[in-house]
Amino acid sequence: MQNTSEYMLYQRIYQVIEQVPCGMVATYGDIATIVGGGCDARMVGYALNEIPKDRVESVPWQRIINKEGGISTRGLAQRQILEDEGIVFNAQERVIMARFHWAGPSTEWAAAHGFQTLPPRDDEDEAEQLSLF
DNA sequence: CAGATGACTCCCA
DNA sequence: CTGGGAGCCATCT
């Protein structure tokens, strides 16, 4: 139906997350920005907590982390999985965003599916983390 | 139908 | 650093 049920926010969120490549990470806010339409970081978090069974295998939920590059989940082996994918954490248990932060979907893909692209980010924050290296 | 809950982020004390 | 409140979707009592 053209009802929101088929275009549910969660479905779109899952679709975007599926675009995050292995070895990269994105923040809840990033996903929300790409989805657009009033989507918020909270929604992304809620959606990830309720991934349908048939989607959990295709949606790389583990690549979604909080804005500080830290893991928001408790109990789940999210960090372990990310390290397996090549993600490196610093001494503060945070992902080195300068190296692993996903830049967003391609303009073509976003346009083809009605999504947004990520706005340019400042390098200062990321440069700061690089110095820890 | 109302209330509670959950993998966020921002702002203020 | 800690703690509380606001803002919002979907699902389960």
Side-chain angles (χ1 to χ4, degrees):
Chain A
M1 316 189 44
Q2 310 330 330
N3 191 328
T4 48
S5 3
E6 255 198 339
Y7 293 138
M8 278 193 298
L9 199 49
Y10 283 22
Q11 302 309 315
R12 287 172 65 78
I13 290 173
Y14 300 142
Q15 193 178 354
V16 171
I17 295 176
E18 285 175 352
Q19 307 307 310
V20 183
C22 181
M24 299 286 273
V25 296
T27 69
Y28 296 91
D30 288 339
I31 302 302
T33 298
I34 296 168
V35 170
C39 184
D40 229 319
R42 278 167 290 164
M43 302 287 98
V44 177
Y46 295 155
L48 283 175
N49 190 40
E50 299 173 22
I51 298 178
K53 218 173 184 181
D54 56 327
R55 278 261 190 175
V56 74
E57 297 171 27
S58 60
V59 177
W61 55 270
Q62 71 277 15
R63 303 195 189 122
I64 309 306
I65 58 182
N66 65 41
K67 199 174 184 180
E68 301 190 356
I71 302 297
S72 296
T73 57
R74 299 173 294 170
L76 303 178
Q78 185 173 3
R79 173 173 174 172
Q80 184 67 56
I81 299 173
L82 290 177
E83 291 182 326
D84 274 353
E85 296 186 351
I87 306 296
V88 180
F89 289 73
N90 65 18
Q92 301 166 19
E93 293 184 41
R94 296 195 300 169
V95 172
I96 300 175
M97 299 301 268
R99 289 181 56 190
F100 306 109
H101 198 178
W102 183 44
S106 69
T107 304
E108 305 159 346
W109 184 90
H113 297 272
F115 286 110
Q116 309 292 311
T117 50
L118 287 181
R121 296 187 294 270
D122 283 344
D123 301 38
E124 302 182 22
D125 262 1
E126 317 203 338
E128 185 178 349
Q129 297 200 34
L130 266 184
S131 64
L132 294 174
F133 218 164

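Per chain, numbering begins at 1; letters A, B, ... match sequence-line order.
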Select one nucleotide: of [options], the one nearest the side-chain heavy atoms of [X].
X: K67(A); options: dC10(B), dC9(C), dA10(C); result: dC10(B)
X: L48(A); options: dT9(B), dA7(B), dG6(B); result: dA7(B)
X: N49(A); options: dA7(B), dT9(B), dC9(C); result: dA7(B)
X: L9(A); options: dA10(C), dC10(B), dA7(B); result: dA10(C)
X: R42(A); options: dT11(C), dC8(C), dA7(B); result: dC8(C)

Classify the nucleic acid contact of D40(A) as base, sugar-phosphate or nothing, counting any heavy atom under 4.0 Å across all strands shown.
nothing
In whole Å, what is the span from the [atom1] atom of [X] to the [atom2] atom of [N]?
X: M8(A); N: dC8(C); atom1: CE; atom2: C1'; value: 16 Å
X: W61(A); N: dG6(B); atom1: CH2; atom2: C1'; value: 15 Å
X: N66(A); N: dA7(B); atom1: CG; atom2: P; value: 13 Å
X: R74(A); N: dA7(B); atom1: CZ; atom2: P; value: 5 Å
X: I31(A); N: dT9(B); atom1: CD1; atom2: C1'; value: 15 Å
X: D30(A); N: dC8(B); atom1: CG; atom2: C1'; value: 12 Å
X: Y28(A); N: dC9(C); atom1: OH; atom2: C1'; value: 16 Å
X: R12(A); N: dC9(C); atom1: CZ; atom2: P; value: 15 Å

Ignoring hydrogens, what is the shortest heavy-atom contact between P60(A) and V20(A)? Give both atom names and the distance.
CG-O, 4.1 Å
Going by distance alone, is a donor N or O of one side chain under 3.5 Å from an acceptor N or O of the other, for T33(A) and D30(A)?
no
Which one of V44(A), I64(A), I34(A) satisfies the side chain to side chain contact (heavy atoms under 4.5 Å, CB included) criterion with V16(A)?
I34(A)
Could you check whether atom CD of E83(A) has more than 12 heavy atoms from other residues, nucleotides or ligands sitting under 6.0 Å from it?
yes
Measure distances between side-chain N and O atoms of Y10(A) and base N and O atoms of dC9(C), and say whether any donor-acceptor pair falls under 3.5 Å.
yes
Flag, side chain of Q78(A) to backbone of Q62(A), donor-acceptor distance under 3.5 Å
yes
